[in-house]
Amino acid sequence: MANPHSKHMQETLTLFLDALSQALPDADRKDLTRGCYFTIALMVSAFSGAGRIDGLVQGQLDDEALDAAYRPLLTYTTAGLLSLWRARA
């Protein structure tokens, strides 16, 4: 039996990619898809609470301070998506 969440996640990703394609009409759909994949992977890593951040940054960042992570994550991923788009221009 197929995972019903998978269909909803795919539909959501398609909506995001459609919106990004409208915002960046010259962007390659594969680059936008790749950028979304990187963003999702980063979000899962940042917000999983696995405690890996503390080990890597030796206490400089608190993986429990999710509220403080939203703005830097948004800034970082936006710049990443835009850089993928600009690399082709």
Side-chain angles (χ1 to χ4, degrees):
M1 185 168 137
N3 182 345
H5 297 293
S6 180
K7 180 182 177 190
H8 294 296
M9 290 188 308
Q10 185 61 47
E11 291 171 355
T12 302
L13 178 60
T14 299
L15 290 172
F16 273 105
L17 289 171
D18 290 347
L20 284 170
S21 292
Q22 287 181 348
L24 303 169
D26 297 332
D28 184 85
R29 183 81 173 203
K30 285 184 180 182
D31 287 339
L32 294 176
T33 302
R34 188 172 288 116
C36 282
Y37 171 79
F38 292 156
T39 299
I40 292 166
L42 181 59
M43 288 170 38
V44 168
S45 176
F47 301 124
S48 69
R52 293 183 181 155
I53 292 175
D54 284 338
L56 291 173
V57 298
Q58 301 174 346
Q60 294 181 43
L61 295 176
D62 180 6
D63 66 354
E64 297 297 322
L66 299 182
D67 289 340
Y70 290 125
R71 185 170 302 280
L73 177 65
L74 181 60
T75 301
Y76 188 83
T77 57
T78 300
L81 281 168
L82 290 174
S83 71
L84 288 173
W85 169 62
R86 287 185 188 122
R88 289 214 181 241

Distance in Å, [X] [atom1] paired with [Y] [atom2], rounded so as to fall on 0.5 Å steps:
X	Y	atom1	atom2	value
Glu11	Thr14	CD	OG1	7.5 Å
Leu17	Gln22	CG	CD	11.5 Å
Gln10	Leu15	CD	CG	10.5 Å

- request: Linking directly or through intermediates, with side-chain heavy atoms under 4.5 Å: list the remaining ILVMFWY members grouped with Phe16, chain and number order.
  value: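 So far as hydrophobic clustering goes, Phe16 is joined with none.
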message: Out of the candidates Leu81, Leu84, Leu82, only one should pair with Leu24 under the side-chain contact (heavy atoms from CB on, under 4.5 Å) rule; please name it.
response: Leu82
Going by atom type alone, with no hydrogens or angles, which donor-acceptor pairs under 3.5 Å involve a side-chain atom of residues 26-34 and a protein atom two or more places apart or on another chain?
from	atom 1	to	atom 2	distance (Å)
Asp28	OD2	Lys30	N	2.9
Asp28	OD2	Asp31	N	3.3
Arg29	NH1	Asp18	OD1	3.0
Arg29	NH1	Ser21	OG	3.3
Arg29	NH2	Asp18	OD1	3.0
Asp31	OD1	Arg34	NH1	3.4
Asp31	OD2	Arg88	NE	2.4
Thr33	OG1	Arg29	O	2.8

- request: Please report the shortest heavy-atom distance between Cys36 and Leu13, naming the atom on each side.
  value: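 Nearest heavy atoms, Cys36 then Leu13: CB-CD1, 3.7 Å.
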query: Where is the tightest heavy-atom contact between Ser83 and Gly80, given as atom of each residue plus distance?
result: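 Heavy atoms of Ser83 and Gly80 come nearest at OG-O, 2.8 Å.
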- request: Could you pull out all residues at least two apart from Met43 that satisfy side-chain contact (heavy atoms from CB on, under 4.5 Å)?
  value: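 side-chain contact (heavy atoms from CB on, under 4.5 Å) check on Met43 returns Thr39, Phe47, Leu73.
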- prompt: Can you check whether Tyr37 reaches Ile40 side chain to side chain, under 4.5 Å on heavy atoms?
  reply: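 They are not in side-chain contact.
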